[in-house]
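These notes concern the structure reproduced below.
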Amino acid sequence: MGRHKFGYFVHEGFSNMFSHGFMSFAAIGITVACLLIMGTFTLVAVNANGLLKDLERENEMLAFVEEDFTDTAALQKKLEAIPNVTSVTFISRQQAMERFVEQYPDEKMFQDLDPNILRDRFSIKVMSLERISQTKAAVDAVDGIAYASAAEEVAGGFITIRNVATVVCVALIAILFVVSVFIISNTIRLTTFDRREEIAIMRMVGATNGFIRWPFVYEGFLMGFLGASIAFLMQWGFYEAVARGVSSNDALQLIEVIPFKELWVPVAASFAGAGIFIGVGGSLSAIRKYLQV
C-alpha cells in the first residue's frame, strides 16, 4: 500500500467519522460503556480469584485430636494422604497455648491457663477452597480426629462472588459485543448510504473493492480505538478510586485489591483489541452489501 493511498484512506476515514457527528459520538459512547461494563466485571472476577488464591495459601483448617489418641505421627500420615491437602503440621497443647497467649497478650485471664484444657491439633493447608467442604468431611472421618474446623462460609462467599462475576462478565461480553458492533455498523452504514452513488461510480471506473473498503475500515478502526482509549482511562480512574475506598475502609481490610499497575498491560491490550475488532467488524459488516454486485 503506497504512502499516498494510505494518506487518502486515513483522510477519508477521519472525514467519514466527523460527517455524522452524532452517530459517531453515539457509536464511540456505546463502545466506551460496553468496554467499561465488561472491564469492571472482569476486574471484579480477577480480584475475587486473587483473594481465593490468597485464602488457599493462608487458610488454615484445624483438626483436633481425640483426647486419648497418642500416635500422632501415624495420624499425620493419614491426613497428608487426603486429596486436596497440601501440608499438615502438628501443634501440641503447649504450642497451641503459646500461640493463644501471643495472639491475645492483653487478656490477663488467659495467661495462666493450663495447656491440658486444650487439645493437640493439626494445621492443614488445602490446595483448592472449592473442595474445602469435602476435605473437611474426609478429615472428620479419620480415626483419631475428634472434629475439624474450617472457615467454609468465608471461602464459599468468595467462590460465589467469583463465579457470579465470571458468569455475568461472559454474558455481558457476548451481549454488549453484539450491541457495539450493531451501533458502529449502523453508523458506518449511514456513511455508505450517503456515498452509495460515489461508490457506484468508483466501481464503474474500475476501483477495486479494497480501495473502496479501506476508508470505512479506517473509520471503524478510529472509532473503536478512540472508544477503547477513553474506556481504558475511565476504567483506570474508577479502579483506583474503588481501591482507595476499600483500603481506607476498616470494615474491608480483609479485602486486598490487586494494584492496577499489575493489570494495566492486559487491560489496555484487551480494551484496544476489543475496540478495534468491534470497529473494524462493524465497518466490514456495513460495507459488504455495497461491494456485492
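Excluded from the calculations below are hydrogen atoms, water molecules and symmetry mates; all remaining heavy atoms, backbone and side chain alike, are included.
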Contact summary for [X] and [Y], nearest pair of heavy atoms:
X	Y	result
Ala243	Val257	CB-CG1, 4.0 Å
Arg119	Glu66	NH1-CA, 3.7 Å
Ile91	Ser123	CD1-CB, 3.8 Å
Ala231	Leu36	O-CD2, 3.7 Å
Gly275	Ala228	CA-CB, 4.2 Å

For this session: Kindly indicate, with the supporting measurements, whether the criterion side chain to side chain contact (heavy atoms under 4.5 Å, CB included) is fulfilled by Phe260 and Trp236.
Result: CA-CA 7 Å; Phe260 195 77; Trp236 190 348; 3.4 Å; yes
Got [X] and [Y] here, is their nearest side-chain heavy-atom distance under 4.5 Å?
X	Y	result
Asp120	Phe90	yes
Thr86	Met127	yes
Leu75	Phe122	yes
Ile132	Met61	yes

Tell me if a side-chain donor or acceptor on [X] pairs with a main-chain N or O of [Y] at a distance below 3.5 Å.
X	Y	result
Gln235	Thr40	yes
Arg244	Val242	no
Asp140	Tyr147	no
Gln76	Val88	yes

Exercise. Taking atom types as modelled and ignoring hydrogens, do the side chains of Thr135 and Asn84 form a donor-acceptor contact shorter than 3.5 angstrom?
Worked result: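 Yes, Asn84 and Thr135 have a side-chain donor paired with an acceptor closer than 3.5 Å.
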Spacing of [atom1] belonging to [X] relative to [atom2] belonging to [Y], to within rounding of 0.5 Å:
X	Y	atom1	atom2	result
Phe271	Trp264	CZ	CH2	13.5 Å
Phe225	Ile276	CZ	CD1	6.0 Å
Ile258	Leu263	CD1	CG	5.5 Å
Thr70	Asp68	OG1	CG	8.5 Å
Lys136	Ile145	NZ	CD1	11.5 Å
Asp71	Lys78	CG	NZ	8.0 Å

Exercise. Does one hydrophobic cluster hold both Tyr239 and Met38, with members joined at side-chain heavy-atom distances below 4.5 Å?
Worked result: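 Yes, it is one cluster - the side chains of Tyr239 and Met38 are joined through contacts under 4.5 Å.
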Exercise. Transitively linked via ILVMFWY side-chain contacts under 4.5 Å: Val85 with Phe64?
Worked result: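 Different clusters.
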Exercise. In terms of heavy-atom contacts, does CG of Asp143 have more than 12 from other residues, nucleotides or ligands at under 6.0 Å?
Worked result: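 Result for CG/Asp143: open.
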For this session: Please step through side chain to side chain contact (heavy atoms under 4.5 Å, CB included) for the pair Val142 and Leu79, ending with a clear verdict.
Result: CA-CA 8 Å; Val142 174; Leu79 294 173; 4.1 Å; yes
For this session: Determine the sole option in Leu43, Leu35, Thr42 for which the side chain to side chain contact (heavy atoms under 4.5 Å, CB included) test with Val267 is passed.
Result: Leu43
Problem set entry | Among Val126, Ile124, Leu62, the one residue meeting side chain to side chain contact (heavy atoms under 4.5 Å, CB included) with Val139 |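 Testing Val139 for a side chain to side chain contact (heavy atoms under 4.5 Å, CB included) against Val126, Ile124, Leu62 leaves exactly one candidate, Ile124.
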Problem set entry | Ion pair check, Lys261 and Glu240, cut-off under 4.0 Å | no
